[in-house]
Structure formats: structure tokens, C-alpha cells
Amino acid sequence: MNGSSEKPIKYVLCTVLSSCAKTLNWHLGIQIHAYMIRSGYEDNLFLSSALVDFYAKCFAILDARKVFSGMKIHDQVSWTSLITGFSINRQGRDAFLLFKEMLGTQVTPNCFTFASVISACVGQNGALEHCSTLHAHVIKRGYDTNNFVVSSLIDCYANWGQIDDAVLLFYETSEKDTVVYNSMISGYSQNLYSEDALKLFVEMRKKNLSPTDHTLCTILNACSSLAVLLQGRQMHSLVIKMGSERNVFVASALIDMYSKGGNIDEAQCVLDQTSKKNNVLWTSMIMGYAHCGRGSEALELFDCLLTKQEVIPDHICFTAVLTACNHAGFLDKGVEYFNKMTTYYGLSPDIDQYACLIDLYARNGNLSKARNLMEEMPYVPNYVIWSSFLSSCKIYGDVKLGREAADQLIKMEPCNAAPYLTLAHIYAKDGLWNEVAEVRRLIQRKRIRKPAGWSWVEVDKKFHIFAVDDVTHQRSNEIYAGLEKIYSGIIEASSYVVEDSIILA
DNA sequence: ATAGGGTTAG
């Protein structure tokens with residue numbers, strides 16, 4: 001191409017590299033890199049920055065860093081591209097360290113940089129502190145009017161459960177656009193303030209801000225957690241109006257909304273109408289059947305898909321299948337699928353599938369088999385596994401294994417009162433009142449705060465602890481009425497109030 | 001010419 005009048009100019013290469021980054025076109029991107037080397041464009045700041053962005057977006061963060069290191073000078077774009085790269089590659093810590101390194105140079109971070117480094121704080125252990133520090137920097141530099149920066153701050157606060165900070169920031173922002181609304185709605189939804197999410201969506205519509213597919217997803221999720229079919233259906237009609245049915249994220253959220261709202265048939269309709277079905281949609285559907293107690297149908301669907309070779313099951317698909325077995329109590333089938341996973345599909349089960357299998361054995365009363373599996377599997381049992389195991393111990397009244405499970409959980413989260421309470425429950429059921437008293441002393445000695453909504457009640461000089469929420473506060477008579485049942489150690493649920501109660505004598 | 005947020009199954 002050298003000497004030819006059609007030789008691509010630097011500008012074109014730059015734009016093409018940017019497109020390669022956006023569409024993850026690895027093959028073309030590396031050809032351009034090779035061409036850059038041949039044509040002596042390696043030192044071009046624009047092209048090198050675009051190259052850093054390309055490698056970072058294609059998850060080749062090491063290559064991105066290599067290009068960056070080879071650059072003689074760096075500007076805001078190249079720094080930001082690499083920081084973003086670490087952020088999207090889930091190396092938030094590296095992103096933050098790089099940002100600190102940048103602060104030591106002559107190149108000052110701009111709005112783009114802040115938006116990136118703040119996003120890197122999401123999901124990174126202990127990064128909430130960074131978020132507040134960065135927020136201070138943002139205010140000092142006057143970037144708090146930039147909606148991208150604001151929305152990344154809202155995301156970060158919401159991600160760390162600091163919903164009040166997110167809300168404060170949201171209402172302080174004067175020119176809120178769709179991006180900022182999306183972040184706040186999603187923040188509410190993540191923190192289970194689903195009603196607030198819906199209210200904000202209404203406000204957004206009143207302001208004539210157009211929802212995006214992302215907004216639809218988030219609102220549908222909120223409808224799922226609230227199990228509100230009416231609002232969910234309204235959203236569905238909006239989805240149709242906007243022509244967003246083809247978006248897999250939206251379709252999957254719709255399936256989830258209908259199945260959690262108790263209308264599995266409509267979920268099936270959504271799936272039927274989807275032109276391009278993928279693993280995610282099928283898995284959502286299987287999970288939907290699993291959750292509404294139609295385990296057999298979940299398995300039928302799965303088997304049918306396998307026969308038609310419509311789906312190559314992945315780990316999450318097997319989680320759905322095993323969940324179906326779990327909810328329906330199909331122990332043998334569950335074991336069969338679990339084994340098939342390795343033998344037929346060459347997938348080595350990860351901890352989630354082991355968790356399903358362990359739970360399956362335990363719920364069926366085979367506690368020792370479940371316990372052995374926890375020993376044999378190539379993972380260290382996590383909190384979820386121990387706590388589901390503990391609840392099976394509670395159901396079957398196994399004091400020895402229950403104590404072990406509770407000990408493990410207490411070791412993992414010393415301040416969480418739940419395992420103490422369940423353990424006391426198991427002791428009480430077995431009439432081991434000395435042990436019950438021991439647990440109570442432990443809770444007091446360690447000054448563990450009982451969970452919000454739990455209350456001590458003293459009756460006949462014995463202490464009882466109850467799950468009390470706003471509703472049950474007004475129903476204390478019913479609680480007292482339930483006490484008699486509890487005294488006998490048979491904790492039968494006449495209402496969930498009694499179900500969640502234990503005696504601490 | 002190059003860089004910025006968020007979404008799917010448990």
C-alpha cells in the first residue's frame with residue numbers, strides 16, 4: 001500500500017480502531033496495529049490511545065498496558081482508556097492504583113477519568129471509602145454537574161447499600177437526564193426499594209424523558225420483586241410500544257416478571273414470541289418453572305431442548321435444572337443431572353451446582369451424605385451452603401450437625417445473629433434447655449445485635465425472641481397466643497410470626 | 001480522529 005494514493009490516513013485508522021473496540025472486532029484491530037507498526041504510526045498519540053482502548057475493550061488488558069507503557073507521552077485519553085480497561089476487566093484495584101499514579105503526573109484527570117475510576121469502585125472490596133474520596137475530588141473540581149460522573153457516583157453508593165447518599169446526590173443534581181434517572185432507579189431496585197423505583201419511573205415519564213431498554217429491564221425487575229402483575233403488564237405494553245421485545249435482556253426480565261408474579265403461562269408466551277432464543281432465555285424459563293413448583297415441567301422443557309439440540313447447557317442452566325429438582329424433591333433425578341453435567345457435557349460443576357446437590361440431599365433428610373459431599377467437593381463450603389444445611393438440620397432436628405453448621409457460620413460472620421437463633425431453635429426442639437440458655441448467654445456476652453425486627457419478650461420469667469415487624473407489633477396478642485405452642489418445643493407455624501420465633505429460656 | 005454510566009438466570 002506504500003506510496004499508493006489510497007493509503008489509509010491516520011484519521012480513518014483511528015475511527016476504525018474505535019469501531020473495532022466497540023464491536024470487539026479483534027481480528028481487524030490487530031491488523032491495524034500491525035499496519036501502524038509497518039507505517040511508522042506507532043508514535044502517534046491519537047492512534048496509540050485508540051489502540052489502548054481497543055485492547056482494553058477486547059479484554060486484552062495486558063496488551064493494552066504494553067501499548068500504554070510503550071508510549072512516549074500520555075494524555076488524558078490514554079490514561080482514561082487504560083483505567084477504563086482495568087475497570088471493565090474487573091480489576092478495580094488496578095484501576096484505582098493507576099488513577100493514583102496519574103495524579104502524580106502532569107496530566108490532570110477530567111470528567112471521563114472520574115466517571116471511569118468511580119465505576120471501578122463498584123464491586124471492589126473496601127472501595128466505598130474511595131468512592132467518598134473521589135466524590136470530594138469531583139466537587140472540588142466542579143465535575144458534579146456532569147451527569148456521567150453523577151450517575152457513576154449514584155451507582156457506586158447504591159452498590160454499597162448507601163442508598164441515602166445516592167438519593168441525596170440525585171436530588172442535588174439539577175439537570176437530570178435519562179442516564180441519571182436510570183442509575184437512581186436501578187439503585188432503588190438493587191436495594192429492594194422497588195416501590196421507590198416505580199415512583200421514580202413515573203416521575204421520569206412525567207418529565208418526558210424517554211426510557212431506554214435498560215430502564216425497562218430495571219423496572220421489570222422491580223415488578224418481579226414486588227410480584228405486581230398489573231404494573232408488570234403495563235410495562236410489557238410499553239416494551240411492545242418501544243419495540244424492545246427483541247432485546248434479550250428485556251425478554252428475560254419479562255419472563256422473570258411473569259414467573260415471579262405467579263403467571264408462568266404468560267412467561268411461556270413471552271418466550272414463544274421471542275424470535276431469537278438463547279441460553280439465557282431458556283434458563284430463565286426453566287428457572288421460572290422451578291420456582292413456581294412445576295419442577296416436572298422445568299425438566300421436561302430442559303430434556304426437550306436437549307433432544308432438539310436447541311441449547312448447549314452451561315453451568316447456570318444446570319443450576320436451574322438442579323433448582324427444579326430441589327423444589328420438586330427429585331433426589332435421584334438431581335443426582336443424575338449432576339453426573340450428566342460432567343460425563344455428557346464436560347462441564348466441571350462449580351460451587352453453585354454443588355450447593356444445589358448438597359441442599360437436595362439435605363432437604364431429603366440425607367444429612368450425612370450432604371455433609372460428606374461438602375467434604376469431598378473441590379471447594380470450601382460457603383455461607384450459602386452452610387446456612388441451607390443448617391436449615392435442613394433444623395427441619396430434621398439434627399443437633400450434632402446443626403451445631404457444627406452454626407459454628408461454621410458464626411466463624412464466617414461473627415456478628416450475624418441468625419445462626420445462633422436457628423441453633424437455639426434446634427436445641428429447643430430437642431428439649432436441650434441448658435444449651436438454649438448457653439446460646440443466649442453467648443449472644444449477650446458477645447454483644448451481638450439481634451437482627452432488626454426481632455424483639456425480646458418476657459413471659460413467666462422466661463425470655464422469648466420474636467420476629468416482629470410493623471404488622472406483628474400490632475398483633476402482639478397473636479404472638480402471646482402462639483407461645484403455648486412453643487413451650488412444648490413443637491414449633492408449629494400458625495403464622496409466620498410463630499415460625500420465626502424461638503425460645504431462649 | 002482517540003476515552004465516560006447501567007441491564008439477563010440463583
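Naming convention: chains lettered A, B, ... in sequence-line order (proteins, then strands); numbering from 1 in each chain.
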Checking contacts here: which listed nucleotide (B/dT2, B/dA9, B/dG5) is nearest the side-chain heavy atoms of A/S119?
B/dG5
Check whether any side-chain N or O of A/K57 sits under 4.0 Å from OP1 or OP2 of B/dG4, and answer yes or no.
yes
Would you mind telling me which of B/dG5, B/dG4, B/dA1 lies closest to the side-chain atoms of A/N146?
B/dG4
From C-beta outward on A/M287, which listed nucleotide comes closest to its side chain: B/dG5, B/dA9, B/dA1?
B/dA9
Under the salt bridge (Lys or Arg N to Asp or Glu O under 4.0 Å) rule, what pairs show up with a residue in residues 263-275 of chain A, not counting sequence neighbours?
A/R233-A/E266, A/D265-A/R294
Less than 4.0 angstrom between a side-chain N/O of A/S18 and OP1 or OP2 of B/dA1, yes or no?
no
From B/dA1, B/dG5, B/dT2, nucleotide with atom closest to A/D75 side chain
B/dT2
What nucleic acid atoms does A/V179 come within less than 4.0 Å of, heavy atoms only: base, sugar-phosphate, or nothing?
base
Counting heavy atoms from C-beta on, name the nucleotide in B/dA1, B/dT7, B/dA3 closest to the side chain of A/F249.
B/dT7
What pairs of residues pass the salt bridge (Lys or Arg N to Asp or Glu O under 4.0 Å) test when at least one of them lies in residues 75-94 of chain A, not counting sequence neighbours?
none
Looking at A/D155, is its backbone amide N or carbonyl O close enough to the side chain of A/N159 to form a donor-acceptor pair, meaning the two atoms are under 3.5 Å apart?
no
From the candidates B/dG5, B/dA1, B/dA9, the one with an atom nearest any side-chain atom of A/S252 is B/dA9
Of the listed nucleotides B/dA9, B/dG6, B/dA1, the one nearest the side chain of A/I316:
B/dA9
Tell whether A/T212 reaches the base of B/dG6 with its side chain through a donor-acceptor pair below 3.5 angstrom.
yes
Out of B/dA1, B/dA9, B/dG5, whichever nucleotide has its closest atom nearest the side chain of A/S284:
B/dA9
On the side chain of A/N110, is there an atom forming a donor-acceptor pair with the base of B/dG4 - under 3.5 Å, no angle test?
no
